[in-house]
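Lettering follows sequence order; numbering is per chain, from 1. Quick caveat, the model's predicted, so the values are computed rather than measured.
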Amino acid sequence: MSMEVDYKLTFGACARITQATMDDPDASDFQPTVQFLSIKMLPSNKADTPDRYRLIVSDGKYFVQAMLATQLNELIQNGAIKKHTVAVLEKYTSNVVQNKRLVIVLALRVVGDTPEKIGTPESLEGSVKPSAESAAGSSAVTAPPKVQAPAPHAARPNQTNERATPIFPIEALSPFQNKWTIKARVTQKSDIKHYSNQKGEGKLFNVTFMDDTGEIKATAFNHVVDELYDRIEEGKVYYISRARVNIAKRKFSNVDNQYELSLEKSTEIEECLDTTDLPTVKYNFVQLKDLEAAAKDAMIDVIGIVKETHDLGEVISRSTQKTIPKRDLTLVDRSGYSVRLTLWGEQAKKYTATDHPVIAVKGVKVGDFGGKSLSMVSSSTMSLNPDITDAHALKGWFDSAGSEASFQSHSLSGGGGAFQGGGINLSEMKTTQEVKDMNLGSDKPEYFSSRVVITHLRAENIMYPACPSEGCNKKVTDLGDAWKCEKCERTFENPEYRYLVSFCGADHTGQLWLQGFNDVGLIAFGMSANELKNLEDQDRDAYDSAVKRVISGVFNVACRAKQDTYNDMTRVRYGINRMIPLDFTVDTSHVLDQLSAYA
DNA sequence: CCCCCCCC
């Protein structure tokens, strides 16, 4: 029944692969045929770290232990490799880990399966002492084993200042090893970030290194930043050694490695010009159409045409009060969707392309404001008109057809389609009860829109006397004959009144107290706070009726909900970002749209 | 040793 296949194992393979290192010129030529005698899963004790597999590799005469690179785990999980499988080892390496040699299989090709063990192999480690090794397998080998020496051989034969450290695959780095060099491409380099905490001021930057076995994040602090920042360029390849390997805090990184590197004063980094064997960034593009299904905060890769470049703007960070430049781009792709991509900081300032370039971004964060949006984070990378197939195809499509196409928008600023009502998404309105039921994180705000009727407003302190200097808005104190701003250290003859309003907004499910600033008051009262203040001082009846007019008004409001702790009391504050009187024409047509969707 | 990734 079964076909008799006579597999020829490569005798001497075990001794030889035990000597292999990544840049060993012979190792890539020596692709032995071996048999796996056993496969054992070493379960990961961490949710974000894959299980590992240990193989017993036999050359028919000897066997050694080896680890399967985790990117090959699938071969075991899908049954391609099992006990007694015969395979050609195409790529492998060997390191000393805790004084033990450990072979890592990086690539292999399955040749076939046999029902049993070939030959009667014995343990290479057990039978062979390092000093006596040459006697062990040399008679039968197809490639001569190297003379085993306790010290690893030189890593970089062509470099003048050789180090006695082997080139390691990134995948094999661990805190247990200190003599190693990796050869890796910088796929991401951050700006220099400054921080201050209890221990004082500091600065840092980080990079992502990648080789064909994996990637790893590296961070440099303080004086090491000065030393290395300008010497490391995104896209280039370097030899890196004598960095510290630490356990990665993975919740802060989307780099797929359980370890990360700390670049120290003693770390050696040297550019490598032979980059042929190093992979470039790999993308896993999500079509813009499929963003609908992307989870908030997911890190994804996207490629699109820049349909629109918005002006440079800025935001004031609510947590740090710092002003941060930002620029929105509208990306489109062949799936017929558009999405907003926000660039920050230097990248926002430096972006100047005026045509419609292709942009490929890796590791951008998905937001859910008014639909779906994308935001660059410090570990994201952006590539303009990258020389990759997807980019050429996209450019061809846009030039021939795409530039005339219309797109379904994922986000508010993109305009069109789902968003109407003066920028408030009528399709995603929440009732006041739904607002109260929202799950709020302890520090992150949530945004929502509602339609409410104003039932009350806090009558006292609708307005406050504010500093009239541009952008100050601070409350000023009455000196009797003048008004003083403590912040600007100036006095003014008259203040500029500004609104600070508390509305009670109700719907059929309940009510919420909503805070609004000056822009909201302007909409609600239809006059400036100065004018309302004049009425209050000079025409009390007119003032009362102006206030009463707001009561019972119906508004669409775009709001921000945020937890707030004051005097040990935690409560949720609701701020109005935008307030628009109900427009019956817009609202009715929206209701008609909804009805027709049911028909 | 950062770990915030900002705003609507």
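Residue Tyr195(A) has its side chain nearest to dC3(B) when only dC3(B), dC5(B), dC7(B) are considered. Here dC6(B) is the nucleotide among dC7(B), dC6(B), dC1(B) with the atom lying nearest to any side-chain atom of Ile324(A). The nucleotide whose nearest atom lies closest to any side-chain atom of Ser378(A) is, among dC7(B), dC4(B), dC3(B), dC4(B). When distances run from any side-chain atom of Trp344(A) to the nucleotides dC6(B), dC2(B), dC1(B), the shortest one goes to dC6(B). Distance from the side chain of Thr342(A) is smallest to dC7(B) among dC1(B), dC7(B), dC4(B). Relative to the side chain of Thr219(A), the nucleotides dC7(B), dC1(B), dC2(B) differ in distance, and dC2(B) lies closest. Checking dC2(B), dC6(B), dC3(B) against the side-chain heavy atoms of Phe252(A) singles out dC3(B) as nearest.
Using a 30° and 60° split on the angle between ring planes, Tyr195(A) and Phe221(A) fall in the perpendicular class, above 60°.
Here Lys217(A) does not reach the OP1 or OP2 of dC3(B): none of its side-chain N or O atoms lies under 4.0 Å away. Side-chain N/O atoms of Asn197(A) include one lying less than 4.0 angstrom from OP1 or OP2 on dC2(B). Checking the phosphate oxygens (OP1, OP2) of dC1(B), a side-chain nitrogen or oxygen of Lys249(A) falls inside 4.0 Å.
At a threshold of 4.0 angstrom between heavy atoms, the contacts of Glu260(A) include nucleobase atoms, whether or not backbone atoms are also involved. Ser375(A) comes within 4.0 angstrom of sugar-phosphate atoms only, judged by non-hydrogen atoms across all strands, and of no base. Among the heavy atoms of the strands lying under 4.0 Å from Lys365(A) are primed sugar atoms or P, OP1, OP2 only; no base atom is included.
The interatomic distance linking Arg560(A) (CZ) with dC7(B) (C1') rounds to 9 Å, in whole Å.
Between Val435(A) and Leu512(A), some side-chain heavy-atom pair lies under the 4.5 Å cut-off.
Of the N and O atoms on the side chains of Asp507(A) and Thr431(A), not one donor lies less than 3.5 Å from an acceptor on the other residue.
Lys372(A) NZ to His410(A) NE2: the interatomic distance, rounded to the nearest 0.5 Å, is 8.5 Å.
Side-chain N/O atoms of Lys199(A) and base N/O atoms of dC1(B) include no donor-acceptor pair closer than 3.5 Å.
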